[in-house]
Amino acid sequence: MKMRVLGLLCVLCVLLVRAHALDREAFTFTSYDLDVHIESDQQRLAVRGRITLRNDSTSSQRNLTLQISSSLDWRSIQLDGKPVQFISQPYTSDLDHTGALSEAIVTLPREVSAKGIVELEIGYEGIIPLDATRLTRIGLPEERARHSDWDQIGKSFTAVRGIGYVAWYPVATESANLSEGNSVFETVARWKARELQAAMKIKLSYSGEGAQAVPLCNGDAGGVRSFKQSGQGYESVNECAFPFLGETVPLFVIGPYETLGQAPVNIYYLPEHRAAAQTYEVAAQVAAPFVTEWLGAPKGRAEVRAEVVELSDPEAAPYESGSMLLTPLNSDSKLAQLAAVHQLTHAAFFSPRPWIYEGLAHFAQAVYRERESGRQAALDFMGLHRTALAQAEKVLAEEHGQKTGAGEALISTSIEDLYRSKAMYVWWMLRDLIGEDALKKALAAYRADADTTPAYLQHVIQAQTKRDLGWFFDDWVYRDRGLPDLHLAAIYPWEPSRKAYVVTVTVENLGDAGAEVPVVLKMEQGQITQRLLVRGRSKATTRIEAISIPREIVLNDGSVPESNMRNNVYRIEEPAKRN
Ligand SMILES: [Zn+2]
């Protein structure tokens, strides 16, 4: 009997703790000042520093949460020079490559009221080895997983990305799981949204043996790089500041880098790959005039200078944050030009909205392909994104029970397939709608700091064209209406007079998003393209006059992303004669 009462009490205790429990996202981390020391021979990282947190919840908080990678351990947490009480526990979350976090649950000596500030001195350390657990446990083959989650502190090469990859600085979020839809994307996006204004200062020091290594990071490098011999090895230091984090994911890379400091891109390469680095440099110089023509010269502010940093794994998946690109270097100059176009676009044009910032950079690549090899080559390039996009939209439609407009609006989405691939198509369709000159003028008039209301960009574009774009922004940007599903509903070819042909084409859109779609009439000789606006859930008809015998209608050349591209071709039989 006694046992049972005790048991019941314990259950109550647990419930009480849970009830008070933890609002893991109550605090915003407003500033970090971290001394990060790396010993590559041991794969070790040791951090001492100071963080400031603000209670952004509506109630007072007695507890707060600090999370770091599960391969790191908390050493000390102090407030006003005195240790605070905390318990450390593993917390399963795919925000970290290990699939778990070391979570410190801190009990403060007194409550922090809403909007109250608390400043802590912290210390933690441990190792950061290569670890692809979160990917292999959802079934990705080990080999592929390692080229994707390539973060590690290694003997000869180190590269470690922040939130979403390795929690090498403290964060605090609810758990996220890669097997649950978009939960990792969404959790990272929620964190970034809270941390937009956070300031971070990193003193990155490194000691090792062997070849002299250069520590790099993606903030404003202070340029205070010192280097000193110590015993067998040496120590080097870099200071790195982020006045505000914005969308940037803080990262550091350490390797025996050499640099080609030529404009327009700063390239850090590993000594054995000088030739590939030069290929990239030339590619950037070839691509630069194109980007300047579209967007003006790179602005040249320190924080937007384009940088390429080589990854030592030749199969590593490239990664970009801000205008720094981490990538293996190869000697394909066409690929290098495309990569350079993307980066130079970032350097020349900033927007706080991911669909504008990233979408435009992918769009610029497509236009560059078009300039080099024609429209079809550009459509093929965009086509590489189409399947992933259609799949992402399908998953969203299922998650949201197919409710129109309930999905992820492009303007606020954190899903990469949308703010990259879908956004690229949206820019391409915008150019088809209003023409290249009008779009260039609109981009020249765009001001990142003025983009504070959802309709800002639409107004900027609308000022350059007579076309009403309200429906387009509504269907593609402000709401997620999924993708159009266009098909040829009726085709009526006839021959009103000798050697004159007319084909009447009716297109139906079974999807909710409207589009102005190219309709191509292929004739015995040559072809004619007309554009036809078909709103969501409706039909539209056009007449195409042919100058030789009509043979085939092809709907959508690939410039409009569709959920189903398989019903878009129609072979025309003999046209009906007049009378
Ligand atoms: Zn980008």
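Start at 1 and go down the list; that is how both ligands and their atoms are numbered. All values derive from a computational prediction rather than experimental measurement.
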Report task. Please determine if Asp56 and Arg54 form a salt bridge, counting it only when a charged side-chain N lies under 4.0 Å from a carboxylate O. Result -> yes

Query raised in the report: Protein N/O/S atoms under 2.8 Å of the Zn ion (ligand 1)?
Result: Glu320 OE1, Glu320 OE2, His342 NE2, His346 NE2, Glu358 OE1, Glu358 OE2

Query raised in the report: What class does the angle between the rings of Trp355 and Trp427 fall in, given that below 30° is parallel, 30 to 60° is tilted and above 60° is perpendicular?
Result: parallel

Query raised in the report: Parallel under 30°, tilted from 30 to 60°, perpendicular over 60°: which one fits the rings of His346 and His342?
Result: perpendicular

**Report entry** Pairwise distance CG(Leu389) to CZ(Arg420) - rounded to 0.5 angstrom
**Finding:** 13.5 Å

Report task. Run the salt-bridge test on Glu436 and Arg371 with the 4.0 Å N-O cut-off and return the result as yes or no. Result -> yes

Query raised in the report: Quick one: do Asp149 and Arg144 make a salt bridge, cutoff under 4.0 Å?
Result: no

